[in-house]
Amino acid sequence: QVQLVESGGGLVQAGGSLRLSCAASGRSFSTSAMGWFRQAPGKEREFVAAISGSGRNTDYVDSVKGRFTISRDNAKNTLNLQMNSLKPEDTAVYYCAAHPAAALSGSAYSFEGYNYWGQGTQVTVSS
């Protein structure tokens with residue numbers, strides 16, 4: 001079992017920044033690629049970013065490239081998402097998730113590929 005707890009969401013004006021964190025407990029953190037997803041009202045859950053178990057490989061959805069940075073600290077079992085230059089369209093509930101494999105693969109870009117999820121944290125960007 002893996003437990004994931006997100007924090008750091010909130011209300012911010014457009015152009016502002018937020019840093020999301022996800023604290024993990026349970027199985028060895030470094031053996032899991034990790035991902036961030038988001039879901040806006042009335043929309044499907046969307047891939048945002050992913051990072052391999054070692055932290056060496058990352059990937060992002062095009063809409064956040066250059067603005068968001070995913071990182072992890074395996075010594076502290078923590079996953080982070082630094083979000084800069086936020087836009088109103090970034091408004092959503094953000095979820096962290098653990099993948100069963102350490103490497104980034106095709107399944108790391110789809111929510112079906114993840115087997116553990118946090119409860120989500122709300123991010124609201126006002127215009």
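A quick note: this is a predicted structure, and the numbers were derived from the prediction, not measured. Numbers for residues simply follow the sequence, beginning at 1.
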Give a yes or no answer on whether the side chain of [X] reaches the backbone of [Y] with a donor-acceptor pair at less than 3.5 Å.
X	Y	result
S54	R56	yes
S17	N84	no
N74	G53	yes
Q39	V93	no
Q3	A24	no

E89-T91 side chain donor-acceptor pair, cut-off 3.5 Å: no
Side-chain donor-acceptor pair present, D73, T78, cut-off under 3.5 Å: no
Chi angles and distances behind the side-chain hydrogen bond (donor to acceptor under 3.5 Å, both in side chains) call for Q13, S126: CA-CA 5 Å; Q13 289 188 332; S126 63; 5.0 Å; no
[X] to [Y] - nearest heavy-atom pair and separation:
X	Y	answer
R72	S52	NH1-O, 2.8 Å
G35	Y114	N-CE2, 3.6 Å
L104	A50	CD2-CB, 3.7 Å
P88	S127	CG-CB, 3.8 Å
L4	A97	CD1-CA, 3.8 Å
V48	F68	CG1-CD2, 3.8 Å

Sub-6.0 Å ring centroid separation between F37 and F47: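 Distance test on ring centres: under 6.0 Å, yes.
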Heavy-atom check, side chain of L18 versus side chain of Q82, under 4.5 Å: no
Contact check, side chains of W36 and E6, non-hydrogen atoms, under 4.5 Å: yes
Rounded to the nearest 0.5 Å, what separation is found between the [atom1] atom of [X] and the [atom2] atom of [Y]?
X	Y	atom1	atom2	value
I70	N80	CD1	CG	9.0 Å
L81	Y94	CG	OH	7.5 Å
S71	L79	OG	CG	7.0 Å
Y60	I51	OH	CD1	7.0 Å
S105	H99	OG	NE2	4.5 Å
Y95	L20	OH	CG	13.0 Å

Hydrophobic cluster identity match, L11 and V123, side-chain contacts under 4.5 Å: no
S32 and Y116: CA distance, side-chain angles, deciding distance, side-chain contact (heavy atoms from CB on, under 4.5 Å) verdict: CA-CA 10 Å; S32 294; Y116 295 103; over 6 Å; no
Test side chain to side chain contact (heavy atoms under 4.5 Å, CB included) applied to V64 and K87, M83, R38, the passing residue: R38
Salt bridge D62-K65, side-chain N to carboxylate O under 4.0 Å: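 A salt bridge is present here (some side-chain N lies under 4.0 Å from a carboxylate O).
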